[in-house]
Q: 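Following this message is one structure expressed as structure tokens.
Remember, it's a predicted structure, so these values are computed and weren't measured experimentally. Convention: sequence-line order gives letters A, B, ...; per-chain numbering from 1.
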2 protein chains.
Amino acid sequence: MATGNTGVRAGLGGHRLPQPVPAGEYENCPVTDVLRRVSDKWTLLLLTLLDRRPHRFNELHRAVDGISQRMLTRSLRTLESDGLVEREVFPTSPPSVEYRLTPLGVSLLEPLSALAGWAVGHHPEIAAARRRSARERV
Amino acid sequence: MATGNTGVRAGLGGHRLPQPVPAGEYENCPVTDVLRRVSDKWTLLLLTLLDRRPHRFNELHRAVDGISQRMLTRSLRTLESDGLVEREVFPTSPPSVEYRLTPLGVSLLEPLSALAGWAVGHHPEIAAARRRSARERV
DNA sequence: CTGTATCCGAAGTGATACTG
DNA sequence: CAGTATCACTTCGGATACAG
């Protein structure tokens, strides 16, 4: 009702899919949307840092080590426009900007942590499966 | 001990990060790794279909509607090499191949469903935040 | 300090044709 | 039926330079 991809929602909720999943709904699926946002190269790490406490821009830049200014800005802007992170500008000189999680961002970290726990716990099994398939491909 | 990115793991687990997160660990982070696999265009949908029951190749091709043979094969092969999906070939004529979730794949769907639930539940808030930021960018 | 602008190579995805 | 091979297009991400 409120949103797209009833199919996937129903599927992951344990219900049925109306047989052929209609095209064009994958793009609008809120689940895939969230997954894609969170699975890019830096977002997860930024979220975990901001979960500990608010950070200033350069603080994040130093903490992450390897991220470019461009990607740091882009990632933070995306998080902000999704309502997961809040940006506060202090008109000092030189200017300083603080980023913090919104309540929405905090709430996301719960299910995300559960998935992270799964990933850490089952990483050895995945790695083993990859080694197996690598051996077969010889 | 067994694997990389202690930083993110600790962060999502609620512990501390050793201040500057060492570079090169993001690539090897099992959490981001899993997220990236699952957040590509078709994988989530394939997992939900296979969660209902095993499917043959063309059955999936018909069910998904919009996926190319290339991407269907690629997605299934990746899922297989990660040990999330099992592929069984029946030497009939013409040949038929069946795909099913492995126990590992089934276990992934639990935390993934939790995250999916969050996404569906909070999608309106995210959409509202995006509209807000779109209005500001005018 | 906190960004923006530009360019470039790499990776994801689709279209189409061909095969055992 | 269940794929593989090739090409083209788009998006992601890094490097570098510049700016309020």
Q: Provide, to the nearest angstrom, the distance between the CG atom belonging to B:Leu72 and the P atom belonging to D:dC1.
A: 13 Å
Q: Return the value, rounded to whole Å, for the distance between atom NE2 of A:His55 and atom P of C:dC1.
A: 15 Å
Q: Is the backbone of B:Cys29 close enough, under 3.5 Å, to the side chain of B:Thr32 for a donor and an acceptor to pair up by distance?
A: no
Q: Let me know the distance between CZ of A:Arg37 and P of D:dG13, rounded to the nearest Å.
A: 12 Å
Q: Is B:Val85 reachable from B:Val89 through a run of hydrophobic residues whose side-chain heavy atoms are each under 4.5 Å from the next?
A: yes
Q: Whole-Å distance between D:dG13 C1' and A:Trp42 CH2?
A: 9 Å
Q: Would you give the length of the straight line joining atom CZ of B:Arg74 to atom CH2 of B:Trp42, rounded to the nearest 0.5 angstrom?
A: 13.5 Å
Q: In whole angstroms, how far is the C1' atom of C:dT16 from the NE2 atom of B:His61?
A: 13 Å
Q: Measuring to OP1 and OP2 of D:dT11, would you say a side-chain N or O of A:Arg74 lies under 4.0 angstrom away?
A: no
Q: What is the distance from CG of B:Leu46 to P of C:dT13, rounded to the nearest Å?
A: 12 Å
Q: So, B:Arg130 and A:Asp33, do they make that salt bridge, N to O below 4.0 Å?
A: yes
Q: Salt-bridged, B:Glu59 to B:Arg53, with N to O below 4.0 Å?
A: yes
Q: Roughly, in whole Å, what's the span from CG in B:Leu60 to C1' in D:dC1?
A: 13 Å
Q: Quickly work out the B:Arg62 CZ to D:dA2 C1' distance and round it to whole Å.
A: 12 Å
Q: Taking OP1 and OP2 of D:dC1, is either one under 4.0 Å from a side-chain nitrogen or oxygen of B:Arg56?
A: no
Q: Pick the closest DNA chain D nucleotide for B:Glu59 and for A:Met71 by heavy atoms, then say which residue is nearer the 5' end.
A: B:Glu59
Q: With sequence neighbours left out, write down each residue that passes side chain to side chain donor-acceptor pair (under 3.5 Å) with A:Thr43, or none if nothing qualifies.
A: A:Asp40
Q: Using a 4.0 Å cut-off on protein heavy atoms (strictly under), produce a 5'-to-3' string for nucleotides 3-8 of chain D with B for base contact, S for backbone-only sugar-phosphate contact, and - for none.
A: BB-B--
Q: What do you reckon, is CD of B:Glu110 surrounded by more than 12 foreign heavy atoms closer than 6.0 Å?
A: no
